[in-house]
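What follows is a set of notes on a single structure, which appears directly below.
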Amino acid sequence: GSRIDVSAGAWQPAGRKLGLGAAGQLTLTAGSDLADATLLLGGDIAGFDFSAGGTLTLGVPQLSIGGTADTGFSLKPEFFSADGFGTIAVRSVGDVLVAGGTVLAPQLRNWVLGPGSTQSPSGAMRPGVAAAQFLDESIVDRKPVNLTLAATGQIGGTADIPGASIRVERGAGIVLEDGGKLILQAARDIVVGATGAVSAQRTTLQALGGEITLRTTGKRGAASQDNAGEDSIGFVPEQAIWLGESATLSVAGAAELRTQRASRFAVPTPTFTDGAASATLTVGNVRGGGTLTLDASRGYVIAEAGSQMLLDGKAADLNFAGLRSGVTVAKSAGTLNVSSPEGFVLDGSISALAPVDAQSRRLADGGRLKLELGPGGVSTITLASDRAYPGNADNPRQIIVSEADRILTTGAIPVEYGDDLAAALGNGKGMAPMRLLDRSGFDALTLRAGDQLLFSGSAGLDKALGIDI
């Protein structure tokens with residue numbers, strides 16, 4: 001029967017415009033001890049308002065979404081759409097699992113005032129005054145739910161404390177509404193589409209026209225022996241942000257269109273069929289490609305062959321006030337950022353194409369690509385003497401652009417998630433195929449390595465928005 005409510009209200013000053021409030025923030029946390037932490041959500045929570053919703057932060061011992069997990073803390077996908085929160089962060093001390101077959105697709109519910117609400121006496125938001133509803137996207141643009149999932153448990157100095165990871169299993173998905181922001185952040189690994197379920201099932205992370213960030217956290221080495229305590233973990237050669245062959249990450253552009261009827265005297269004035277008394281207008285919003293970031297503060301970044309990263313631009317025809325004919329609105333492709341201190345391999349397909357018209361003429365810019373491998377060098381001093389970092393002198397930070405279409409499968413034994421990546425791939429090497437640079441649609445290119453940029457084979461790069469190396 002308990003209830004915690006940070007929902008907004010509304011007020012009607014005499015003779016003045018109706019005022020609409022904004023929902024507040026709610027934080028519930030169970031502490032940082034994985035063995036003892038417990039969080040029970042037996043009551044009701046709410047954070048409704050008239051726009052972007054409230055902010056909810058949960059601190060839990062261990063998190064599973066979907067599936068049949070009987071340990072830790074479990075949430076059903078519908079939880080993320082139930083209570084009006086437009087910004088949700090769930091921070092787990094232990095691992096985070098999105099189980100195979102689970103699709104997490106949160107939608108925002110807003111307050112909608114009733115017809116007699118302005119005549120109601122002061123008091124709580126109650127039936128008859130306001131109701132929580134999913135706004136009809138054929139009438140208005142609904143705000144997205146922004147989501148953060150974090151696995152915060154740090155890697156220990158021994159193998160029995162592996163650190164907390166995030167795994168989105170094969171066949172699972174996190175699909176935000178257009179313009180949404182998704183952050184997956186872990187102390188150890190982030191694995192998408194490489195574990196669980198059936199290998200043929202695709203795993204989707206989607207925020208069309210929005211932002212997706214996958215980030216591993218933690219300090220990678222200290223600059224001096226005096227500061228060695230900044231890194232008590234040392235080198236973990238298996239650590240990675242890993243996109244399996246079934247992974248699709250999409251921040252491609254999107255058109256949020258709706259139609260409305262207009263008479264001959266309406267503004268905007270449409271073009272009418274002869275004798276017609278009204279016409280259909282196309283209104284709404286066009287979003288360009290968003291931002292996709294794979295940021296390993298520690299560990300490698302791996303994108304297997306078969307994985308997909310989509311950042312294409314978008315174009316659509318809209319009607320505007322004062323114009324009789326529709327106007328093509330075009331937005332550019334998005335931005336891909338990849339960074340690591342240890343190395344990366346980008347074997348998957350990546351598309352950041354500019355939008356084009358029916359005659360294949362470009363209407364806006366292609367995407368922007370930024371690859372970083374330990375720019376400025378990396379620190380190697382750690383308190384973990386049994387996990388020493390590979391030395392910089394023997395392992396210079398190199399970005400290698402190769403004619404080879406695939407890197408992970410070129411050896412006799414394919415590299416798989418959980419392998420010793422330093423043994424399999426070396427250390428300090430960021431490897432990308434030439435097709436990524438010259439055939440994926442990017443109009444701007446930034447390459448930053450701590451020591452060297454190597455092109456194995458001929459390279460002819462022409463980028464309309466510039467090259468920074």
Side-chain angles (χ1 to χ4, degrees), residues 27-39 41 56-67 69-75 79-80 88-100 102 104 147-170 172 174 182-196 203 205 212-220 230-244 247 293-302 340-342 382-384 387 417-421:
T27 299
L28 300 172
T29 183
S32 58
D33 189 332
L34 181 59
D36 297 330
T38 302
L39 179 66
L41 289 181
L56 174 64
T57 301
L58 297 179
V60 302
Q62 193 165 339
L63 176 64
S64 61
I65 301 174
D70 55 2
T71 60
F73 184 82
S74 180
L75 291 172
F79 168 85
F80 296 86
I88 301 175
V90 186
R91 306 186 186 281
S92 172
V93 179
D95 291 342
V96 174
L97 173 69
V98 182
T102 300
L104 175 55
L147 178 63
T148 296
L149 300 178
T152 63
Q154 295 299 307
I155 302 170
T158 57
D160 60 340
I161 308 177
S165 297
I166 296 177
R167 293 180 175 83
V168 185
E169 291 188 328
R170 299 182 183 100
I174 303 176
L182 173 64
I183 299 174
L184 302 184
Q185 183 169 295
R188 176 62 187 257
D189 299 334
I190 300 175
V191 188
V192 181
T195 60
T203 307
L205 305 182
I212 296 177
T213 299
L214 277 57
R215 176 179 294 120
T216 55
T217 61
K219 181 72 173 177
R220 197 277 189 195
E230 293 178 357
D231 182 358
S232 60
I233 299 169
F235 184 51
V236 181
E238 305 86 4
Q239 186 174 12
I241 296 173
W242 193 288
L243 306 184
T293 299
L294 308 178
D295 176 20
S297 296
R298 293 178 52 88
Y300 292 75
V301 175
I302 305 294
S340 166
E342 311 299 351
T382 175
L383 286 181
R387 288 181 175 177
Y417 169 66
D419 287 350
D420 181 327
L421 296 176

State, with a plain yes or no, whether a side-chain heavy atom of [X] is found less than 4.5 Å away from one of [Y].
| X | Y | answer |
| --- | --- | --- |
| F80 | I65 | yes |
| L63 | L75 | yes |
| L56 | L58 | yes |
| V192 | L214 | yes |
| V96 | V90 | no |

Are the side chain of [X] and the backbone N or O of [Y] linked by a donor-acceptor pair below 3.5 Å?
| X | Y | answer |
| --- | --- | --- |
| Q62 | V60 | no |
| R188 | Q239 | no |
| T216 | D189 | no |
| S165 | I190 | no |
| R167 | V98 | no |
| S340 | G299 | yes |
| D419 | L421 | no |

Determine the minimum heavy-atom distance between [X] and [Y], stating which atoms define it.
| X | Y | answer |
| --- | --- | --- |
| S297 | P341 | O-CG, 3.5 Å |
| T217 | Q154 | OG1-NE2, 4.5 Å |
| A99 | A172 | O-CB, 3.3 Å |
| I233 | A384 | O-CB, 3.3 Å |
| A151 | I166 | CB-CG1, 3.8 Å |
| A194 | G244 | CB-CA, 3.9 Å |

Requested in this report: To the nearest 0.5 angstrom, please state how far the CD1 atom of I212 sits from the CG atom of L184.
Outcome: 8.5 Å
Query raised in the report: What distance do L243 atom CG and T203 atom OG1 have between them, rounded to the nearest 0.5 Å?
Result: 10.0 Å
Report task. Look at the aromatic rings of Y417 and W242 and report parallel, tilted or perpendicular, splitting at 30° and 60°. Result -> perpendicular
Requested in this report: Can you spot which of R220, R387, R298 makes a salt bridge (Lys or Arg N to Asp or Glu O under 4.0 Å) with D231?
Outcome: R298
**Report entry** R91, CZ: over 12 other non-hydrogen atoms inside 6.0 angstrom
**Finding:** no
